[in-house]
Protein chains: 2
Amino acid sequence: MRKEYEVLDDFLHSKGLRHTHQRKKIVDIFLSTEKHVSLDDLFKLVHKEDRTIGYTTVYRTMRLLTDCGLSNEIDFGDGVSRFEHKFGHEHHDHLVCMKCGRFIEVVKQKIEDLQGRLAKEHGFLPTAHRLHIFGICKRCQSRGASSKG
Amino acid sequence: MRKEYEVLDDFLHSKGLRHTHQRKKIVDIFLSTEKHVSLDDLFKLVHKEDRTIGYTTVYRTMRLLTDCGLSNEIDFGDGVSRFEHKFGHEHHDHLVCMKCGRFIEVVKQKIEDLQGRLAKEHGFLPTAHRLHIFGICKRCQSRGASSKG
DNA sequence: ATATAAATGAAAAGCATTTTCAATAAAAGA
DNA sequence: TCTTTTATTGAAAATGCTTTTCATTTATAT
Ligand SMILES: [Mn+2]
Ligand SMILES: [Mn+2]
Ligand SMILES: [Zn+2]
Ligand SMILES: [Zn+2]
């Protein structure tokens, strides 16, 4: 069994929360995608498998997953929150393609270090940061045309 | 006369748009603050000076100012758009204090450079970026208590 | 002054997110 | 297994900010 389920089980147990088949399905589907999904994306995926599960339950479950550290909520500034896997995933920044909408995960340790130094220079105690670079991805540059995905 | 007004005049003229006393007042008030103001902030400031100017006009005017390059719209991820001066202001990133809500403007050229390199390494053509560092500002660290501003 | 098209303000609509609430179901104990 | 307790669910409504609509007003050119 994936470690993710242990984390969730522990969290549920420690808080006196319950296992439900709705939660199980939603978690399964979330863990089975490697994309940066919005609530709407996720609800659609869930709905295909089980028409009885409501949007609100998806909403609440993602909140739960975020609380227990399995999910990370990101705001790319387009008015919609997205969720990505957090457990077992290191911190990373994103290149956001304005043409196809893909999010490319990147890490540059030197930038991370310099951010820490920058904060320090201002006597600022950093707890989190968000770096998004917007532009056109490699694929969208070669193809002139657009292609959502 | 400030250069900002020339920029606006040129923009209005080139688009066949009109000067109105509402726009004048809103622009004056926006230019007279150095803060990162939300629409609501700005409307309140405007409303104090002229009770007849509506929220919608403030909204549309800020959109206009953003279009003509006098204003920059920022999303700090708290569900509210904010506006800052753009004309004559160089690009900068922000340290966001989670306690008092202040936005500290910072620049680190080395980070900017490394971002360009990072994009290049991925064949990505960057057009804009956003770096926000969240945490506790110097002032809020020394005072234990909170103080909005 | 008149004509024309832009601008305005109030109200309504949009839209993602969050809350409410009555009904349902999970888990613990008898 | 049956009962009790309390978390969970789904539909609908509420929220909060942004954006549009539309009838009226106003800026500008003639
Ligand atoms: Mn990611
Ligand atoms: Mn700023
Ligand atoms: Zn792309
Ligand atoms: Zn502070």
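Residue numbers start from 1 in every chain, and the chains themselves are labelled A, B, ... in the order their sequence lines are given, proteins ahead of strands. Quick caveat: nothing in here was measured; it's all calculated off a predicted structure.
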Under 3.5 Å, is there a donor-acceptor pair between the side chain of [X] and the main chain of [Y]?
X: A/H89; Y: A/S71; result: no
X: B/H94; Y: B/F134; result: no
X: B/R23; Y: B/R18; result: yes

Rounded distance (Å) that lies between atom [atom2] of [N] and atom [atom1] of [X]:
X: A/R51; N: D/dA11; atom1: CZ; atom2: C1'; answer: 17 Å
X: A/D78; N: C/dC15; atom1: CG; atom2: P; answer: 14 Å
X: A/K24; N: D/dT9; atom1: NZ; atom2: C1'; answer: 18 Å
X: B/L39; N: C/dG9; atom1: CG; atom2: P; answer: 14 Å
X: B/H21; N: C/dT8; atom1: NE2; atom2: P; answer: 8 Å
X: A/L64; N: C/dT17; atom1: CG; atom2: P; answer: 17 Å
X: B/L12; N: D/dT28; atom1: CG; atom2: C1'; answer: 13 Å
X: B/R60; N: C/dG9; atom1: CZ; atom2: P; answer: 8 Å

Proximal nucleotide (of [options]) relative to the [X] side chain:
X: A/R63; options: C/dG9, C/dT18, C/dA6; value: C/dT18
X: B/R18; options: D/dA7, C/dT18, D/dA27; value: D/dA27
X: A/H19; options: D/dT18, D/dT9, C/dA27; value: C/dA27
X: B/T56; options: C/dA7, C/dG9, D/dG10; value: C/dG9

* **Verdict with reasoning, A/D41 to A/H36, per side chain to side chain donor-acceptor pair (under 3.5 Å)** => CA-CA 9 Å; A/D41 293 337; A/H36 299 76; over 6 Å; no

* State whether B/Y59 places a side-chain N or O below 4.0 Å from either non-bridging phosphate oxygen (OP1 or OP2) of D/dT19. =>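 Yes, B/Y59 has a side-chain N/O under 4.0 Å of OP1/OP2 on D/dT19.
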
* To do: Report yes if a side-chain nitrogen or oxygen of A/Q22 is closer than 4.0 Å to either non-bridging phosphate oxygen (OP1 or OP2) of C/dA25; otherwise report no.
  =>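 Negative; the distance criterion is not met.
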
Across the strands shown, which category fits [X] at heavy-atom distances under 4.0 angstrom: base, sugar-phosphate, nothing?
X: B/T52; result: sugar-phosphate
X: A/S81; result: sugar-phosphate
X: A/R23; result: sugar-phosphate

* **Residue whose nearest DNA chain C nucleotide is more 5′ - B/G16 or B/Y55** =>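 Mapping each residue to its closest nucleotide by heavy atoms, the 5'-most match is B/G16.
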
* More than 12 non-hydrogen atoms from neighbouring residues, nucleotides or ligands closer than 6.0 Å to NE2 on B/H13, yes or no? ->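 Atom NE2 in B/H13 is not crowded, with 12 or fewer foreign heavy atoms closer than 6.0 Å.
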
